[in-house]
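For this chain, numbers begin at 1 and follow the sequence in order.
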Amino acid sequence: MSKIGVDVPPGFTLTTPLCQVYQKEDDLPAAVWSGVRENVERIERDMGKKFGSRDNPLLFSCRSGAAMSMPGMMDTVLNIGLNDETVEGLAKATDNPRFAWDSYRRLLDMFGEVVLGIPHEDFEKRFDKVKENANAKSDVDLTVDELKLLCDEYKQVYKEQNQYFPADPYEQLHACVKAVFGSWMTPRAVKYREINNIRNLIGTATNIQTMVFGNLGDDSGTGVAFSRNPSTGENVMYGEYLINAQGEDVVAGIRTPEPIRKMKEVLPAAYEKFLENVDKLEHYFKDMQDVEFTVEKGKLWMLQCRNGKRTGVAALKIAIDLVNEGICTKSEALLKVEPTHVEQLLHPTFSPDALKSDAYTKGVVAKGLPGSPGAAVGRLVFTPKQAEDMKANGESVILAREVTSPEDVGGMWAAAGIVTARGGMTSHAAVVARGWGKPCVCGCSDIVVSEVNDTLTIKETNEVFRAGDIISLNGTTGEVIRGGIEVNTPTLGGGLGLLLSWADQEEGVMKVLANADSGPDAMQAAGK
């Protein structure tokens with residue numbers, strides 16, 4: 001990214017072979033740790049800050065970087081280097097104590113969960129209690145003193161779990177590097193690779209990057225975006241951002257983000273720079289890009305990019321458009337459409353007649369965000385295990401969650417569709433569902449999901465749906481519908497026919513025979 005002129009915070013990378021070393025030895029060689037220190041000192045000179053300083057501390061993030069996109073499956077830790085002393089230095093250097101203590105409580109939360117395995121819910125309960133006592137609706141409503149209290153509460157979580165938060169910045173950094181390398185073999189990451197047939201990779205890299213802050217005030221923010229619509233393939237910027245926030249706030253659904261286009265109104269200069277950077281990335285990689293960014297005091301920083309996950313419909317349109325726009329060749333475009341994308345084009349949609357029926361129009365009980373298009377009908381379940389068990393018995397299921405996490409991937413894969421009460425269009429649920437071609441309705445604030453009681457309650461009417469009840473999802477419109485709605489299977493043709501004609505023009509293409517058991521199947525295989 002740096003080499004092509006994209007605005008990236010200074011940093012360095014520990015490459016994928018070291019992931020294999022860590023998996024075998026449970027540590028890294030002394031020479032690697034010496035190299036880490038040397039690179040930190042280089043960045044200190046470049047930035048004019050000191051890692052661990054009590055006056056103007058340099059902070060780092062530690063991020064995963066696998067060769068293939070695995071959204072949300074591996075770990076990230078932000079604000080590395082903060083402790084009881086450096087937080088005061090950060091407050092003084094930025095003249096913003098609220099920002100400093102907000103950053104510290106985030107580190108305590110992320111380090112505890114990612115590095116030490118403390119359940120996130122333990123921190124979330126303390127967070128909710130402090131907000132309730134302060135009559136605060138959101139984290140941004142908490143004062144400096146309330147954030148200091150929250151940090152003390154988080155430290156109590158460590159004590160209750162008999163865990164230790166290291167004050168030494170290098171000890172923090174070493175532990176975070178190990179955690180990121182270790183996340184390659186977590187059950188969720190292994191399951192995701194198994195589901196997506198990702199093989200022959202030796203591990204993840206670890207990127208250590210200078211922290212830039214989106215939570216410094218109303219001239220700062222963070223966001224996630226796609227250079228094209230990952231649901232439809234339309235050539236428009238698609239994404240979300242939050243003012244005065246850090247990256248995990250967007251993807252975790254902690255606050256409902258704003259559409260990326262509105263960033264033009266509040267941070268116009270940063271937005272124009274953002275468009276310029278994304279265009280560079282798309283032309284360089286010759287593909288639709290999924291990017292994360294931060295705006296610090298009006299200055300844009302691009303944190304990472306990868307080829308974006310997309311639906312089958314989007315993959316087809318993007319491949320054709322990239323050729324028409326002169327960004328890639330036909331041969332390159334063919335490689336961007338995976339077999340699973342073609343399979344998705346045959347997934348069910350609601351029939352036109354069904355969309356006009358009373359069962360549909362009068363059966364819509366809630367509406368959220370259209371996270372991933374398509375139609376799904378199934379029995380309601382509330383845990384990943386329920387979804388996997390019922391799918392194994394031949395049932396079609398709809399997984400309902402307050403918000404999904406990477407640990408839910410097994411159940412998400414088993415489900416015909418997914419609905420969440422929280423989270424935006426770039427939330428974990430939406431990104432993973434789009435990559436798998438599964439309908440998803442996310443950020444559905446009309447519902448209350450209780451995993452304790454196995455119920456989904458409609459707020460306005462108090463109608464209650466229980467485990468086993470049949471519901472339908474329209475991922476294209478974001479609607480949740482009572483009961484089962486008729487679905488249609490789309491036919492081949494149009495853009496897919498064009499793409500297949502390009503494949504026929506390639507040299508050395510194998511002849512493919514169809515297995516057709518009926519006249520209609522044979523006609524469809526022949527494209528008639």
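- Between Lys273 and Glu276 there is a salt bridge, since at least one side-chain N of the basic residue sits less than 4.0 Å from a carboxylate O of the acidic one.
- Within a 6.0 Å radius of CG in Asp95, other residues, nucleotides and ligands contribute 12 heavy atoms or fewer.
- In terms of the salt bridge (Lys or Arg N to Asp or Glu O under 4.0 Å) criterion, residue partners of Glu402 (sequence neighbours excluded) are, by chain and number, Arg422.
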| task | Mind running side chain to side chain contact (heavy atoms under 4.5 Å, CB included) on Leu90 and Leu59 for me, showing each step along the way? | result | CA-CA 10 Å; Leu90 185 63; Leu59 304 181; 4.0 Å; yes

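- Cation-pi geometry between Lys438 and Trp413 is met: under 6.0 angstrom from the ring centre, within 45 degrees of the axis.
- Looking at heavy atoms from C-beta onward, Asn79 lies in side-chain contact with Phe213 at the 4.5 angstrom threshold.
- Under the salt bridge (Lys or Arg N to Asp or Glu O under 4.0 Å) criterion, Arg126 pairs with Glu153, Glu160, not counting sequence neighbours.
- Each of Tyr241, Trp301, Phe293 was evaluated against Phe274; a single residue qualifies, Phe293, per the ring pair (Phe, Tyr, Trp, His ring centres under 6.0 Å) test.
- The shortest non-hydrogen separation linking Asn215 to Ser103 is ND2-OG, 3.3 Å.
- Taking the six-membered ring where the residue is Trp, Trp33 and His174 present parallel rings, their angle staying beneath 30° rather than reaching 60°.
- In this view, Arg188 and Asp75, Glu407 satisfy the salt bridge (Lys or Arg N to Asp or Glu O under 4.0 Å) rule, not counting sequence neighbours.
- For Lys155, the NZ atom counts as densely surrounded, since its 6.0 Å shell holds more than 12 non-hydrogen atoms of other residues, nucleotides or ligands.
- Legend: residues meeting salt bridge (Lys or Arg N to Asp or Glu O under 4.0 Å) with Asp389, ordered by chain and number and at least two apart, are Lys385.
- Classification of Asp152 and Lys148 as a salt-bridged pair fails, no side-chain N sitting under 4.0 Å from a carboxylate O.
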| Evaluation steps, side chain to side chain contact (heavy atoms under 4.5 Å, CB included), between Met412 and His428 | CA-CA 11 Å; Met412 294 170 72; His428 174 264; 3.7 Å; yes

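- The pair Lys178-Asp27 meets the salt-bridge criterion, with a side-chain N (NZ, NE, NH1 or NH2) lying under 4.0 Å from an Asp/Glu carboxylate O.
- Evaluation of the side-chain hydrogen bond (donor to acceptor under 3.5 Å, both in side chains) test over residues 46-56, restricted to residues two or more places apart or in two chains, returns Arg54-Glu85.
- Cation-pi geometry between Arg434 and Phe226 is met: the NZ or CZ atom falls under 6.0 Å from the ring centre, inside 45° of the normal.
- Between Asp287 and Arg310 a salt bridge is recorded (basic side-chain N to carboxylate O distance below 4.0 Å).
- Across all non-hydrogen atoms, the minimal contact from Ala400 to Leu456 is CB-CD1, 4.0 Å.
- Pairing each heavy atom of Met73 with each of Val409, the nearest pair is CE-CG1, 3.3 Å.
- Remark: the backbone N or O of Val130 is not paired with any side-chain donor or acceptor of Asn133 at under 3.5 angstrom.
- Within the 4.5 Å cutoff, no side-chain heavy atoms of Phe382 are placed close to those of Asn453.
- A cation-pi geometry, defined here as NZ or CZ lying under 6.0 Å from the six-membered ring centre and within 45° of its normal, does not hold between Arg105 and Tyr154.
- In this structure, Phe285 has no ring pair (Phe, Tyr, Trp, His ring centres under 6.0 Å) partners at least two apart in sequence or on a different chain.
- Taking every heavy atom of both residues into account, Gly81 and Gln172 meet most closely at N-OE1, 2.8 Å.
- A side-chain donor from one of Thr426 and Glu240 sits under 3.5 Å from a side-chain acceptor of the other.
- Defined by atom type and a distance below 3.5 Å, a donor-acceptor pair is present between the side-chain atoms of Asn197 and Arg199.
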